Amino acid sequence: MHLSFLDIQIKSNFALVTIKRPEALNALNDVVITQIGEMVEELESNPAVRGFILTGEGKAFVAGADIAKMKEFNVREGQAFSELGQTVFRKMELSNLISIAAINGFCLGGGMELAMACDIRYAVASAKLGLPEVTLGLLPGFGGSQRLPRLIGVGRATEMILSGDMISADEGFRLGLINKVVEPSELLNESEKTLSTILSRGPNAIKAAKTAIRQGLETNMDRGLDWEKQLFGGRFADEETKEGLSAFLEKRKPNFKG
């Protein structure tokens, strides 16, 4: 797969994806966003790949969107750019692929929105996080106003979005925005370790659990519980579940085939 702004390395059953636009701190333009969507589609079509780690080249994960290009937008173009980012990030969020954002530096604006569309977020201690769009006379346009309150609560999310202030990785961890803060030398190792652990579990169960979590976030408790019940019951028609239960009773490692 040749995507000019992405480097993709397939490692056994997952991919390491690096955004490569370091001269612009990996800022997102329509080409980069489109290529992220193409990457997700290509990985989904590869039966050997079940997840990916997303990181950035240089000193930034993604430092935002391409401001120079946005300066020339009219209303229609601004809405189209927002829709593109929303569509691609939603595709990634709802994918059966398990995604980890390995945040290696600045993670601002569209970069923070991209990271929030991933399932898990690890960051180096020096990373700076935020949604500074209001400092430019804008607001988050790739889903940030919707995902951040769901992740850290309305009060703190409102403060972050309306102030536009950056926070540290440690503060992000305290708020629940970041799953783990690690040393730079361990960022990819820790991300790979976690992803490998997840992918060693029942693949169909992982898909069902991710569906239950996402559906539950977007509905009320009663409907979320009903989704969980349906998904839980459905597992008992799957040989994977029979294998997992049998392996536990027989005190052996399960042989999940997907």
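Just the heavy atoms: all of them, side chains too, but no hydrogens, waters or symmetry mates, feed the values below. Just so it is clear, the model here is predicted, and its values are computed rather than measured.
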Q. Is there a side-chain contact between I100 and L54, using heavy atoms and a 4.5 Å cut-off?
A. no

Q | Test of ring centre spacing under 6.0 Å for F81 and F73 | A | yes

Q. When rounded to the nearest 0.5 angstrom, what is the spacing between CZ in R156 and CZ in R174?
A. 5.5 Å

Q) Between I33 and D30, is a side-chain contact (heavy atoms from CB on, under 4.5 Å) present by the stated rule, with each step listed? A) CA-CA 5 Å; I33 295 171; D30 54 349; 5.8 Å; no

Q. Would you say T87's side chain and E83's backbone share a donor-acceptor pair under 3.5 angstrom?
A. yes

Q.
Counting C-beta onward and ignoring hydrogens, is there a side-chain heavy-atom pair between I36 and L28 closer than 4.5 Å?
A. yes

Q: Drop me the distance from L148's CG to L175's CG, to the nearest 0.5 angstrom.
A: 8.5 Å

Q: Give a yes or no on whether the backbone of E57 and the side-chain of N26 come within a donor-acceptor separation of less than 3.5 Å.
A: yes

Q.
Could you report the tightest heavy-atom contact between A15 and V49, atom names first, then the distance?
A. N-CG1, 4.4 Å

Q) So does K71 pair up with D66, basic N to acidic O under 4.0 Å? A) no

Q) Does D165 pair with K128 as a salt bridge, N-O distance under 4.0 Å? A) no

Q: With rounding to the nearest 0.5 Å, note down the distance linking CD in E41 to OG in S95.
A: 10.0 Å

Q: Determine yes or no for a side-chain-to-main-chain donor-acceptor pair under 3.5 angstrom, with E77 supplying the side chain and N74 the backbone.
A: yes

Q | Side-chain heavy atoms of F14 within contact of I198, under 4.5 Å | A | no

Q) Under the 3.5 angstrom rule, does the side chain of S82 hit a backbone N or O of F142 as a donor-acceptor pair? A) no

Q) Quick one: are L151 and R121 in side-chain contact, heavy atoms under 4.5 Å? A) yes

Q) Got a donor-acceptor contact below 3.5 angstrom from the N13 side chain to the A48 backbone? A) no

Q) Is a salt bridge present between R90 and E218, judged by a nitrogen-to-oxygen distance below 4.0 Å? A) yes

Q) For atom CE of M166, is the number of surrounding heavy atoms from other residues, nucleotides or ligands below 6.0 Å larger than 12? A) no

Q | Presence of salt bridge, K91 and E38, under 4.0 angstrom | A | no

Q: Check the surroundings of atom NZ in K69: do more than 12 heavy atoms from other residues, nucleotides or ligands lie under 6.0 Å from it?
A: yes

Q: Mark yes or no for whether T55, through its side chain, and A102, through its backbone, hold a donor-acceptor pair below 3.5 Å.
A: yes

Q) How many angstroms lie between CD in Q35 and CD1 in I8, if you round to the nearest 0.5 Å? A) 8.5 Å

(Q) If the threshold is 4.0 Å, N to carboxylate O, is there a salt bridge linking D226 and R223? (A) no

Q. Without hydrogens or angle criteria, can the side chains of Q9 and D7 be said to hold a donor-acceptor pair below 3.5 Å?
A. yes

Q: Determine the minimum heavy-atom distance between R201 and R50, stating which atoms define it.
A: O-NH2, 3.9 Å

(Q) I need the full list of salt bridge (charged side-chain N to carboxylate O under 4.0 Å, His left out) pairs touching residues 143-153, with sequence neighbours left out, sorted by first then second residue. (A) E93-R147

Q. Are side-chain heavy atoms of F61 and L114 found at a separation under 4.5 Å?
A. yes

Q) Would you call Y122 and N179 a side-chain contact if the rule is heavy atoms closer than 4.5 Å? A) yes

**Q.** Salt-bridge criterion met for R235 and E240 (N-O under 4.0 Å)
**A.** yes

Q.
Let's go through L136 and E133 carefully: what are the C-alpha distance in whole Å and the side-chain angles of both, what is the deciding distance for side-chain contact (heavy atoms from CB on, under 4.5 Å) to 0.1 Å, and is it a yes or a no?
A. CA-CA 5 Å; L136 304 172; E133 284 87 347; 5.7 Å; no

Q. Would you say L195 and E192 make side-chain contact, with heavy atoms under 4.5 Å?
A. no

Q: State yes or no: do L177 and V124 share one hydrophobic cluster built from I, L, V, M, F, W and Y residues joined by side-chain heavy-atom distances below 4.5 Å, directly or via other members?
A: no

Q. F52 and side-chain contact (heavy atoms from CB on, under 4.5 Å): which partner among I98, L16, L43?
A. L43

Q | Side-chain touch V62/I19, heavy atoms, less than 4.5 angstrom | A | yes

